[in-house]
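Contents: one structure, followed by commentary.
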Protein chains: 4
Amino acid sequence: MTADAELRLRADARRNRDQIIAAAKQVFGESGPEAPMEEIARRAGVGIGTLYRRFPDREALIRGVARDNFAAVLAEARAAAAEEQTAWQALVRLIGRSSELQLSVQLGLVSPVARQVIRSDPATAEYREAILSELDDIVRAAQAEGALRDDVGTGDVALIVSMLLRPLPLADGESATLMRERVAALLVDGLRPGTRLPGRPITGAELRP
Amino acid sequence: MTADAELRLRADARRNRDQIIAAAKQVFGESGPEAPMEEIARRAGVGIGTLYRRFPDREALIRGVARDNFAAVLAEARAAAAEEQTAWQALVRLIGRSSELQLSVQLGLVSPVARQVIRSDPATAEYREAILSELDDIVRAAQAEGALRDDVGTGDVALIVSMLLRPLPLADGESATLMRERVAALLVDGLRPGTRLPGRPITGAELRP
Amino acid sequence: MTADAELRLRADARRNRDQIIAAAKQVFGESGPEAPMEEIARRAGVGIGTLYRRFPDREALIRGVARDNFAAVLAEARAAAAEEQTAWQALVRLIGRSSELQLSVQLGLVSPVARQVIRSDPATAEYREAILSELDDIVRAAQAEGALRDDVGTGDVALIVSMLLRPLPLADGESATLMRERVAALLVDGLRPGTRLPGRPITGAELRP
Amino acid sequence: MTADAELRLRADARRNRDQIIAAAKQVFGESGPEAPMEEIARRAGVGIGTLYRRFPDREALIRGVARDNFAAVLAEARAAAAEEQTAWQALVRLIGRSSELQLSVQLGLVSPVARQVIRSDPATAEYREAILSELDDIVRAAQAEGALRDDVGTGDVALIVSMLLRPLPLADGESATLMRERVAALLVDGLRPGTRLPGRPITGAELRP
DNA sequence: TATGAATGAGTGTTCATTCAT
DNA sequence: CATGAATGAACACTCATTCAT
């Protein structure tokens, strides 16, 4: 029904909605999901009233952004699985940064406010399930290839991705890139078969907020 | 002089000051360094005016907390180096969580506000240098032991610690502990000699804010 | 552009802006330009938020009041020059009280805060120049008429006006009026030709803040 | 009784009290009688607690300053009358500035808070009566000398003095001095016999707050 | 429907005054 | 008695949200 409602929007309203979501993604990425609503409206080029007509409060806006963002991440995961030669390569590609994935981590893991909102949104939950299920397939396949150690679960992988993607406000430019690449390489090294991890694999299911 | 000034505080003022720092550590840890000042005052059991007499503005409070916290981390690092059998074990002990270290990461890396304040505080800067120098010794010793791969620098290690210690608001209790332990183990595995990392080792000096 | 911006205000916003300026004039006149903002908002019949939307801080409000007030004083000076038979009469009329002129003195001479704000506002500066230039004409004309001693300059006259108009919180009603009239008369007597003043005439230019 | 109480103070307490009054005179002169109490305590070199022990609240401090100040002005007036050759010269000397007299004007005429306090203090009232009575004598004598126009009363003179002594924050140094001298000269010119003033003389009695 | 104006609750900070040391 | 610590009320300013145009 919500989806239907969105489809029925007039063209200009639709355009406004899209611009608001895009602006909110930017602003949430920069300043987190507690950023002033007016800043988002300004960035979207609409009045604050228009923003509130489309999203009656901050929660609704976070919900809208989260849905859009999770859908994008799902698409990326599917593309990686479909286009890469091996599951391991798909995994490495995913661990490599994408700004949508980074925003997902912000919304779903870092910001308490956003977590709370997302937790109670069935639509977002569905996307999350789909993403985790896709990741699950990739993880199993990579293990079948012998490229990924057997004692990690989808949850372990997701956790690692989430740690890597947290914003790292240290150096700028190349330096930051170098740092991130090296930490990623260290983690990837750790994911290779060879040693034993403590405990049991963490499943994707355990990551539900 | 500041230290002297602090020592000369009347007994009750001293007690209040300590309670305020303690409360601020808690609250900053939970809600970050932009948390309401009144919340901190309440938690410390003092009036808002008392807080402001001791720390004339938020910056001063952040500075006070950072100094106290960095001093504690330095002590922990020295204790680990002194008490563990090998440098590698000292390193692993450090990578294992400590709430003081976690707060350091919050203040020094995650929060832009706190970073800005710390950056311009010479006292905190001294502690940071001392901590990095201590870590430097440990890293070199562990490499001499053959326990740590040669192509990582102090900066790489510090980065990894900082990633691990970023708050992970997922599950509570055992589950969170398990997750953290496993990610730590993956990273530790990655730190073992065996493969090559891209780029060059990152030094501690590169982490200066 | 500012003027344009003001013209473009929606009717209700315009009305509120005017009420705020009017209230601020009152309150500034009574309690000076450090009076509580809430008092001004209450007097204007608007919420505090509305006041701050229109004038983002106290400085902006002072600036708004000063412009409005200086414009009114300029109009009064021109009217006096145009409507009175002689320049001397115009001068006497100006020296006689006007509440706008009194507020100008408050803002431009008495209150250090307001002086500081006005000093850095080009729009107000223009009004001040225009007022002084108008006064200059009147002073010269009155001297040409032989009605005003030659050894005073525009600055002397402005100073005298400013002294006369400083709030005199002594008696109320008739009594205050009588007092002011007599002091004005004494000063006017002093302005008549006859004796010599020490020093040189003070020019209007010397009164720039 | 109050006076008695003051006399009985221990030497050190007496010294503190005097320093506080002196500091308050300075600070009131600079920032008006609403200046922070701590500033006064600091300037006096005592703790804020000591200030409050001596003067239980701001009113009491203002009262203390006003008594001290009015006493000093009375002494100055008597000295002028006694030491100058003619009453007119005594008058001119009084109109010339004295910082005590200036403070009196601040307290008794300009600041609403101080006025309110002084109004209800009998001790200050007595001083004021004495000052006005002294001034009365001078004015009458100057009129008898033929040096002062007959149609002004003590109140007129006091008003003029109060206008002249209001702080004039315009220029600094020489310029300010020049301005003040010229305005004083204009007023003195106005006080010479020659023309008629409107209304009737204002008596000193009419100046009671 | 889009806009941006109005509102007021929330938070930072200052300072007069009281009170423990 | 002197000191300076503690308190909380007061005020500036911001921002989420509602509502008139």
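Numbered from 1 within each chain, the chains take letters A, B, ... in sequence-line order. Only heavy atoms go into these numbers, but all of them, side chains included; no hydrogens, no water, no symmetry mates.
- Checked against side-chain hydrogen bond (donor to acceptor under 3.5 Å, both in side chains), D:Arg42 has the following partners two or more places apart in sequence or in another chain: D:Glu39.
- Spacing between atom CD1 of D:Ile40 and atom P of E:dC15 amounts to 12 Å, rounded to whole angstrom units.
- Between C:Phe55 atom CZ and F:dT14 atom C1' there is a gap of 18 Å when expressed in whole angstrom units.
- The side chain of B:Thr50 places no N or O atom within less than 4.0 Å of a non-bridging phosphate oxygen (OP1 or OP2) of F:dA5.
- For the pair A:Ser120 (side chain) and A:Val117 (backbone), a donor-acceptor distance under 3.5 Å is present.
- Partners of B:Gln116 by side chain to side chain contact (heavy atoms under 4.5 Å, CB included), not counting sequence neighbours, listed by chain and number: B:Arg119.
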- Canonical and wobble pairing (Watson-Crick, G-U, under 3.5 Å) of DNA chain F, dot-bracket with |: .||||||||||||||||||||
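- With sequence neighbours excluded, no residue satisfies side-chain hydrogen bond (donor to acceptor under 3.5 Å, both in side chains) with D:Asn16.
- The C:Arg53 side chain lies nearest to E:dG4 when the options are F:dC1, E:dG4, E:dT3.
- The main-chain N or O of B:Ala23 is never found under 3.5 Å from a side-chain atom of B:Arg43 such that the two would form a donor-acceptor pair.
- D:Ala71 pairs by the side chain to side chain contact (heavy atoms under 4.5 Å, CB included) definition with D:Tyr127, not counting sequence neighbours.
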Pairs: protein N or O with nucleotides 15-18 of chain F N or O, under 3.5 Å:
from: F:dA16; atom 1: OP1; to: A:Arg58; atom 2: NH2; distance (Å): 2.8
from: F:dA16; atom 1: OP2; to: A:Met37; atom 2: N; distance (Å): 3.0
from: F:dT17; atom 1: OP2; to: A:Tyr52; atom 2: OH; distance (Å): 3.1
from: F:dT17; atom 1: OP2; to: A:Arg58; atom 2: N; distance (Å): 3.4

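- The CD atom of B:Glu39 sits 15 Å away from the C1' atom of E:dG12 (whole-angstrom rounding).
- C:Leu61 places a side-chain heavy atom less than 4.5 Å from the side chain of C:Met37.
- When every heavy atom of D:Ala41 is checked against every heavy atom of D:Leu51, the shortest pair comes out as N-CD1, 3.7 Å.
- At whole-Å resolution of the value, CZ in A:Arg15 and C1' in E:dA2 are 13 Å apart.
- Note on D:Arg54: a side-chain N or O is less than 4.0 Å away from OP1 or OP2 of F:dA2.
- Between B:Leu51 atom CG and F:dA9 atom C1' there is a gap of 17 Å when expressed in whole angstrom units.
- Side-chain contact between D:Arg63 and D:Ile118 is absent, with no heavy-atom pair separated by less than 4.5 Å.
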